[in-house]
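A, B, ... follow the sequence lines: proteins, then strands. Residue 1 opens every chain.
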Amino acid sequence: MRGLLALLTATTCCVSAASATTVYPLDRATILARSPFDMKVEFDAVVKPDEVTVTVNGKPAEDVLGQDVEFVEKEEGLKDGVEASAVLIRGASIATPGSYTVQAKAGGETKSVTWNVYGTPAAPKAKNIIFFLGDGLSVAHRTAARIMSKGMTEGKANGRLNMDDLDHMAFIGTSSTGAIATDSANTMSAYMTGHKSAVNALGVYADRTKPSQDDPKVETIGEALRRTGGKSVGVVSTAELEDATPAAVVSHTRLRGDKADIVGMFYDVKPEILLGGGSAYFLPQATNGSKRKDDKDYIQMFRDAGYTLATDKSELEQANGTNSGKILGLFHTGNMDVTLDRDFLHKGTVDKFPNQPGLVQMTQVALDQLSKDEDGFFLMVEGASIDKMSHPMDWDRAEFETIEFDKAVGLGMDFAKTHPDTLIVVTGDHTHGVSLIGTVDDEKPGEEMREKVGTYAEAGFPNYEDKDGDGYPDRVDVTRRLAMFANNYPDYYETFRPKMDGPFEPAVKGADGTYVANEQYKDVPGAVLRTGNLPKSADSAVHAVDDVVLQATGPGSEEFKGYMEQSDVYKVLADVFALAPATN
Amino acid sequence: MLTNAVSRRRLLQGGLAGLVGLTLMPVRRAHAETSLTFDELYGKISVLGLTFSDKVKGLDGQPVAMKGFMAPPLKAESNFFVLTEIPMALCPFCSTDADWPDNIVVIYLDDARTFEQANALIEVEGRLEVGSWRDPETGFLSRLRIVDASFGAA
């Protein structure tokens, strides 16, 4: 009896191991007709070439996919001690929309996946798309931005955010191929390619080999627009341009950290407008401040390719007046400073880079330039530091970033009034575990700061003022301010106050490599130690798995509704631009 | 001077061992080191690169003292570490996604040391070296270093 049980277990084990053969693109992948992609089959073990067959809808894969099949008997770069075979087809494409079932057989084992290849209407619905991406933009950010920026009386908002007036909306699922949780690389990549991927991956399916740039590629929107027509492409971000979100418009790598290579990927696609931070990866290694490990001078290379260079606000204004049609704007060696530091507190690195433009000015210049293209344009605008300030739980900075992002959205909506053939999409790429729960009122009685947190009826309304009418509170350190908290955190000192001396850094790495509360905030009056609920390896608060709210207006925006996977959003963009009309 | 440096280092190591690394002994200011701050490193900071200040250029090869924080080391025992202006949450070498600040100074000690936590302000003394140099062991390129260094609580 015992022998029989053991045998059954062994059989089950082997069946399950054999079914671990993986085919990329994965089952249920959605693929734009005629877009190039790589197909890869990863077998569990070493198999012989004459044992392997790969078919698509029953026909040899090379016939359907239009490229030769490469068989790799023993893949390199696998985990130590693992040997296995793979089949690769690079640069495949399928012209006719429909359902395609891939069968990969090796000996007695079969793995089957089905792809949905989609076409688009013959005629474009709009000439331009402006894709506004608030990194980490969650519902709490919007609510708090509305209250901070517009105020509230007797429970009704005193004004509306620009994004409050977008017509259509959808809930977006952001999960990655390997986990319910997610990061900005695979989330933006799903928007920009129509394929979901793994955490840290851009424009590729994450395969099992170690090298980061051999993974099966899918087409980015930047490449699709170059392939299909003459539209201009713009990328605007307050982060480093090599950061995951802007990079996703053009990049292919398993590791978003390949920033030096990502600059090269921008150079390959050459978006007409590139505005953001991250010059350190454009500079050759011999230059102080460079983060490259080679001698390539991308500043010079972009100049040679006809780009006008702008390194601060005034140069950006001047560049806007030139007729080159191509602007490379690099305003910081790293991530640009946030609005609260740039325009109000003059903290962060504003003393070193005192003349940085904001997201609104960058968006305006991008629209001025790109709208000159008679073929239309695709512009991606990222409010990057909503996320970058939400990780360290610096809610005041995150809120000012949200307000700035909304102002940029307003520019886009104004542009659409005079250019109605423009689709505007406003969305986050993932959410944060943050909520607005009331106010912190310094005037409330009590010794401890927690006694000054007003909830329910005691919350009242905050006393921010906007006397100059710029849409930002004149001061963030008012006596009755918004109480926002993260539901996940490392060990840190909660101060219940805005961080007036620079962006919050809640935790620092301790002796054994785990993160400990940053002692710098220990002596802030009222500060209390919050013991983390995240693993001690976490340096800051993490992304939430909660759905993102996407909003849109303009031609094609009616396609956004209900619940959609992040990868479904790309199909709407492809439809609006008619990237794959029927050919016969 | 050499004797002093050695005895100071021994004192430091003794202090570290005896106090389980919780308290660093202050460096005794015995020589004519010129103190240097992070704000004084660069004369011109721009998007197109940073230029060392005249003060830094003038101190090339001279003894200096600098205060800062020890960035999380590459490995527990090493003969070098990175000094940063503010406490760093990320090891500058370990993560591909790590963004370390522009104004770092690489500190080379005389011998390998087991490092302690990054949360405390330290003072480093040693000889300033200006100019690109690639560490043959790690391949790490530095442009500003303090060599023959010792450190203690600031």
Side-chain angles (χ1 to χ4, degrees), chain A residues 183 185 200 212 239-240 243-244 255-259 277-280 282-293 299 309-312 315 329-335 349 351-354 356 391-392 490 502 505-513 515-520 522 539-540, chain B residues 16 20-22 38-39 41-53 56-57 69-76 82 84-104 114-121 130-134 139-144:
Chain A
D183 81 321
N200 289 330
S212 60
E240 298 175 312
D243 202 17
L255 287 181
R256 56 185 285 179
D258 289 349
K259 292 181 181 178
S279 68
F282 284 71
L283 301 170
Q285 63 175 348
T287 303
N288 254 328
S290 167
K291 288 185 180 174
R292 293 196 71 81
K293 293 186 172 65
I299 304 257
L309 179 72
T311 63
D312 65 17
E315 288 181 14
L330 293 167
F331 308 109
H332 201 290
T333 49
N335 293 316
T349 57
D351 57 333
K352 292 171 184 142
F353 299 95
Q356 300 168 59
H391 278 291
E505 184 155 15
V508 295
K509 207 167 196 175
D512 58 356
Y515 285 85
V516 296
N518 189 345
E519 300 273 322
Q520 212 180 320
K522 189 180 178 181
D539 62 341
S540 61
Chain B
L16 287 170
V20 207
L22 289 176
F38 278 95
D39 285 344
L41 294 184
Y42 296 101
K44 182 166 173 283
I45 294 183
S46 93
V47 165
L48 300 180
L50 320 178
T51 313
F52 288 126
S53 65
V56 163
K57 289 178 198 161
F69 293 86
M70 186 188 291
L74 183 59
K75 50 183 181 179
V82 168
T84 60
E85 187 174 12
I86 54 168
M88 287 283 292
L90 292 163
C91 161
F93 312 105
C94 307
S95 163
T96 54
D97 201 25
D99 284 310
W100 62 95
D102 297 317
N103 53 349
I104 61 169
T114 302
F115 293 116
E116 303 302 322
Q117 71 146 323
N119 224 346
L121 190 68
V130 183
S132 288
W133 181 74
R134 190 180 294 280
F140 180 69
L141 185 86
S142 57
R143 300 180 195 88
L144 192 61

Under 4.5 Å heavy-atom distance to chain B, tell me which part of A517(A) shows up: side chain, backbone, both or neither.
backbone

Has K57(B) got more than 12 heavy atoms of other residues, nucleotides or ligands less than 6.0 Å from its NZ?
yes

Between F282(A) and chain B, with a heavy-atom cut-off of 4.5 Å, which part of the residue counts as in contact: side chain, backbone, both or neither?
neither

Identify which part of Q285(A) has an atom lying under 4.5 Å from any heavy atom of chain B, answering side chain, backbone, both or neither.
both

When rounded to the nearest 0.5 angstrom, what is the spacing between NE2 in H332(A) and CD1 in I45(B)?
9.5 Å

Using non-hydrogen atoms only, which part of L330(A) is less than 4.5 Å away from chain B: side chain, backbone, both, or neither?
both

Can you name the closest pair of heavy atoms from F353(A) and V47(B) and give their distance?
CE2-N, 3.8 Å

Closest non-hydrogen atom pair, L283(A) against L48(B)
CD2-O, 3.7 Å

Can you say whether L144(B) sits under 4.5 Å from chain A via the side chain, the backbone, both, or neither, judging by heavy atoms?
neither

Rounded to the nearest 0.5 Å, the CG atom of L121(B) sits from the CD atom of E519(A) at a distance of 13.0 Å

